[in-house]
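Because the structure is a prediction, the values reported are computed rather than measured.
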Amino acid sequence: MHRNPIELSNLKIQPHDLFDNQWLLLAAGDFTAGDFNAMTIGWGAVGTMWSKPFVMVAVRHSRYTYQFMEKYNTFTLSGFPAQYQDALNLLGSKSGRDGDKIRESGLTPIASSMVAAPSFAEAELVIECRKVYENDLNPAHFMDGSIYRHYPKRDFHRIYYGWIEKAFGTNKYAA
């Protein structure tokens, strides 16, 4: 898919729709070394933190991608056209520990422009990020008890903040 660089001030997204309905593919690791994994995510945020554009993603400690998020300091978020929903379903429901789920998905990992983590050739949106903060969710700070329903195993997420280094996308994402 042909993507153009997008100035972050011109990046046009609908954040809730992007995470909740379209989903994103989170990739972490080192493409050149062949040491990476990806998982579909539906929770996150895009905004401004410490006066810079950032994304926030949540990864459970039990996920295979967690070890790549811990080992490497960059990650990517990729958005896809609706025709790739089955691939994203597979990447969100299978573990990379059990085989090459990326190959099975039919998606093509490629080198990113500014970070070690891979992007995907089929993506219509790629956001390249550098980690700047991480912390585990602390249930003692939940102010709404209904949040616990998302954690029946009490396997709380680690939250990662990443500064957006570069964004690429189709015209759909350029203001």
Side-chain angles (χ1 to χ4, degrees), residues 1-59 63 65-66 68-92 101-103 105-135 157-175:
M1 171 132 347
H2 180 71
R3 296 178 300 269
N4 295 310
I6 300 173
E7 290 295 324
L8 297 180
S9 60
N10 293 327
L11 181 61
K12 184 178 81 174
I13 59 171
Q14 296 176 306
H16 179 72
D17 184 67
L18 188 64
F19 283 98
D20 197 47
N21 297 316
Q22 184 177 346
W23 303 340
L24 292 168
L25 190 59
L26 166 67
D30 185 328
F31 175 77
T32 303
D35 187 35
F36 60 87
N37 195 55
M39 64 181 259
T40 303
I41 63 171
W43 293 0
V46 178
T48 301
M49 190 72 178
W50 302 297
S51 301
K52 292 189 174 191
F54 87 103
V55 299
M56 184 274 299
V57 296
V59 180
R63 295 300 298 255
T65 301
Y66 173 81
F68 296 92
M69 289 294 287
E70 288 295 296
K71 184 176 178 181
Y72 295 99
N73 68 353
T74 65
F75 62 93
T76 62
L77 293 176
S78 297
F80 297 84
Q83 71 206 51
Y84 294 100
Q85 199 73 23
D86 287 344
L88 293 174
N89 263 329
L90 183 141
L91 291 165
K101 70 177 186 175
I102 295 173
R103 180 176 296 155
S105 77
L107 297 180
T108 311
I110 58 172
S112 296
S113 73
M114 296 187 68
V115 301
S119 300
F120 291 84
E122 298 83 2
E124 62 182 8
L125 173 68
V126 173
I127 301 173
E128 299 182 11
C129 304
R130 182 171 50 91
K131 286 190 320 186
V132 294
Y133 179 78
E134 63 187 39
N135 199 7
H157 287 92
R158 175 156 293 172
I159 305 300
Y160 297 92
Y161 285 70
W163 279 333
I164 300 174
E165 299 290 333
K166 197 77 174 168
F168 297 88
T170 62
N171 291 338
K172 171 181 173 179
Y173 296 99

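Within the 4.5 Å cutoff, no side-chain heavy atoms of Val55 are placed close to those of Tyr160. A heavy-atom distance below 4.5 Å is not found between the side chains of Pro53 and Trp163. Side-chain atoms of Trp23 and Ile41, non-hydrogen and from C-beta on, never get closer than 4.5 Å to each other. Between Leu107 and Leu25 the shortest side-chain heavy-atom distance falls below 4.5 Å. Inter-residue side-chain proximity for Phe68 and Phe75 is flagged as unmet; no heavy-atom pair is nearer than 4.5 Å. Ile110 has its side chain out of reach of Phe120: every pair of non-hydrogen atoms, C-beta onward, lies at least 4.5 Å apart. Within the 4.5 Å cutoff, side-chain heavy atoms of Lys101 are placed close to those of Asn37. For the pair Val46 and Phe54, the minimum side-chain heavy-atom distance is 4.5 Å or more.
Between the side chains of Tyr72 and Asp35, a donor-acceptor pair is found at a separation under 3.5 Å. Side-chain atoms of Tyr84 and Asp86 include no donor-acceptor pair closer than 3.5 Å.
Arg158 and Glu134 are joined by a salt bridge, as a carboxylate oxygen and a charged side-chain nitrogen come within less than 4.0 angstrom of each other. A salt bridge is absent between Glu124 and Arg3; no separation between the charged side-chain nitrogens and carboxylate oxygens falls under 4.0 Å.
Annotation for Gln83: atom CD counts as buried by contact number, over 12 foreign heavy atoms lying within 6.0 Å.
One finds the CG atom of Asn4 at 8.5 Å from the OG1 atom of Thr170 (value rounded to the nearest 0.5 Å). Separation of atoms OG (Ser105) and CG (Leu90) is listed at 6.5 Å; rounding is to 0.5 Å. Here CD of Glu165 is found 9.5 Å from OG of Ser113. Values are rounded to the nearest 0.5 Å.
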Before you tell me yes or no, could you show the steps for Glu122 and Thr108 under side chain to side chain contact (heavy atoms under 4.5 Å, CB included), namely the whole-Å CA-CA distance, both residues' side-chain angles and the distance that decides it to 0.1 Å? CA-CA 7 Å; Glu122 298 83 2; Thr108 311; 2.7 Å; yes
Could you walk me through whether Val57 and Met69 pass side chain to side chain contact (heavy atoms under 4.5 Å, CB included), step by step? CA-CA 10 Å; Val57 296; Met69 289 294 287; 4.1 Å; yes
Criterion side chain to side chain contact (heavy atoms under 4.5 Å, CB included) on Leu77 and Leu26, from CA distance to verdict: CA-CA 5 Å; Leu77 293 176; Leu26 166 67; 3.9 Å; yes
Verdict with reasoning, Thr74 to Asp30, per side chain to side chain contact (heavy atoms under 4.5 Å, CB included): CA-CA 9 Å; Thr74 65; Asp30 185 328; over 6 Å; no
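Between Pro118 and Thr76, the shortest heavy-atom contact is O-OG1, 2.5 Å. Ala117 and Ala28 make their closest contact through CB-CA, 4.1 Å (heavy atoms, listed as atom of the first residue, atom of the second, distance). Between Glu128 and Val115, the closest heavy-atom pair is OE1-N, 3.5 Å. Pairing each heavy atom of Ile102 with each of Pro109, the nearest pair is CG2-CG, 3.9 Å. When every heavy atom of Met39 is checked against every heavy atom of Arg63, the shortest pair comes out as CB-NH2, 3.5 Å. In this structure, Phe168 and Ile6 approach most closely via the heavy-atom pair C-CD1, 4.1 Å.
Side-chain N or O atoms of Lys52 include none that pairs as donor or acceptor with a backbone N or O of Ile164 at under 3.5 Å.
Between Tyr173 and the options Ile13, Ile127, Val126, a side-chain contact (heavy atoms from CB on, under 4.5 Å) holds for only Ile13.
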